[in-house]
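Here's the structure, in structure tokens; my notes come after.
Excluded from the calculations below are hydrogen atoms, water molecules and symmetry mates; all remaining heavy atoms, backbone and side chain alike, are included. In what follows, every chain begins at residue 1, and chains take the letters A, B, ... in the order their sequences are listed.
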2 protein chains.
Amino acid sequence: MPRPRHDTEELVTALGLLVRRLRAERAAHDLGWTEAAVIGRLGRGGASTIAELARLENVKPQSMGATIAALEEAGLVQRKPHPSDRRQALIELSAAGVALRKDVREAKRAWLQQAIGRLDPAERDTLFAAGEIMARLAQS
Amino acid sequence: MPRPRHDTEELVTALGLLVRRLRAERAAHDLGWTEAAVIGRLGRGGASTIAELARLENVKPQSMGATIAALEEAGLVQRKPHPSDRRQALIELSAAGVALRKDVREAKRAWLQQAIGRLDPAERDTLFAAGEIMARLAQS
DNA sequence: TATTGTTATACTCTATAACTATA
DNA sequence: TATAGTTATAGAGTATAACAATA
């Protein structure tokens, strides 16, 4: 029963290792991590605002502003005026963003996909179950 | 049994969320993530070289060189000549590094520790088991 | 006053490239 | 030639602070 503290240290270490490994695997033409998360979220959930996206992705609104500006510059998202609040801008995928999203889902994280494919089914289940738990932790 | 691809996408999303949440939680006086990993590793495994640490932590030797230089500047690690190869430098914890390591283990990741403490025991087991799997994936 | 977003600036972490010293 | 490490430079991602516009 003991060692939750020790296990937490190991969990953080494992997270760091995996994140750095995934970063190394990312091809040059690829989207950044937060960029890909935003593209995916807009694709699933539709238009949103910078403040809302920042809250959902656990970054400051200014940071999300920079991310959105980069995506906008790349032509992957576009702005549309908010119907009732002129302070806000609704961010939505452009046609290129919609198209890219398919490619991203197919091609990105190919390394992780393939590495996970070599795990035991039971380990895979554990990993995916932990993914849900981590998402919940991250938002608590 | 389907959806491994979908689950992989969600796993990456969860990793990103949790990493950003942990980053936000890190106090200003705290060690960076890789720095803490190096301190922990030196504490557990004893002296090591820059190239070895880079390999173990999944970064380039130059990047690890910068990390070590920062830790050295902070007085947390020190160099000692390699007994037989004058190209290499053995990096070891200083007295301050040893002392800090205890504090780091006690105080760091306090938020994660407490969040994990509120999980079901079964979820905690899943999370820690996934930690081992992720560490293995990261090194494969 | 509070909220949304922008601009300016800086820090952390990591990368690539070119170099020196040693093996 | 190959390996260990350093130096120089750059980029991504995020932060804080100060500001403008709108509610």
Can you tell me if the side-chain N/O atoms of A:Arg23 get under 4.0 Å from OP1 or OP2 in C:dC13? no

Locate the shortest heavy-atom distance separating B:Arg136 from A:Leu119; write the atom from each residue and the value. NH1-CD2, 4.2 Å

Among A:Leu127, A:Ile116, A:Leu18, whose side chain to side chain contact (heavy atoms under 4.5 Å, CB included) with B:Ile133 holds? A:Leu127

Within a strict 4.5 Å, meaning less than it, do heavy atoms of the A:Val38 and A:Ile91 side chains meet? no

Just N and O in the side chain of A:Thr34: are any of them under 4.0 Å from OP1 or OP2 of D:dA12? no

B:Arg55 CZ to C:dT14 P, in whole Å, measures 17 Å

Could you tell me the separation between the CZ atom of A:Arg20 and the C1' atom of C:dA15, rounded to a whole number of Å? 14 Å

Salt bridge or not for A:Glu92 and A:Arg79, using N-O below 4.0 Å? no

Provide a list of protein-nucleic acid N or O atom pairs under 3.5 angstrom, restricted to nucleotides 16-19 of chain D.
residue, atom, partner, partner atom, Å
D:dA17, N6, A:Gln62, NE2, 3.0

Expected list for residues 74-93 of chain A near DNA chain C, using heavy atoms below 4.0 Å, is A:Arg79, A:Arg87, A:Gln88, A:Ala89

Is there side-chain contact between A:Arg21 and A:Trp111, with at least one heavy-atom pair below 4.5 Å? yes

Determine yes or no for a side-chain-to-main-chain donor-acceptor pair under 3.5 angstrom, with B:Asp120 supplying the side chain and B:Ala122 the backbone. no

Provide, to the nearest angstrom, the distance between the CG atom belonging to A:Leu17 and the P atom belonging to C:dT14. 11 Å

Could you check how far CG of B:Leu22 sits from C1' of D:dT14, rounded to whole Å? 15 Å

Rounded distance in Å - CE (B:Met64) to C1' (C:dA15): 14 Å

Atom-to-atom span, CG of B:Leu31 to C1' of C:dC11 - whole angstrom: 16 Å

B:Pro61 vs A:Ala51, nearer the 5' end of DNA chain C by closest nucleotide: A:Ala51

Rounding to an integer number of Å, can you tell me how far A:Trp33 CH2 sits from C:dT14 C1'? 14 Å

I want to check something: taking the side chain as every heavy atom from C-beta on, are B:Leu93 and B:Leu76 in contact at a cut-off of under 4.5 Å? no

How is B:Glu35 classified with respect to the nucleic acid when contacts are heavy atoms under 4.0 Å: base, sugar-phosphate, or nothing? sugar-phosphate

How long is the line joining CD1 of B:Ile50 and C1' of D:dT7, in whole Å? 13 Å

Any side-chain heavy atom of B:Leu137 within less than 4.5 Å of one from A:Leu17? no

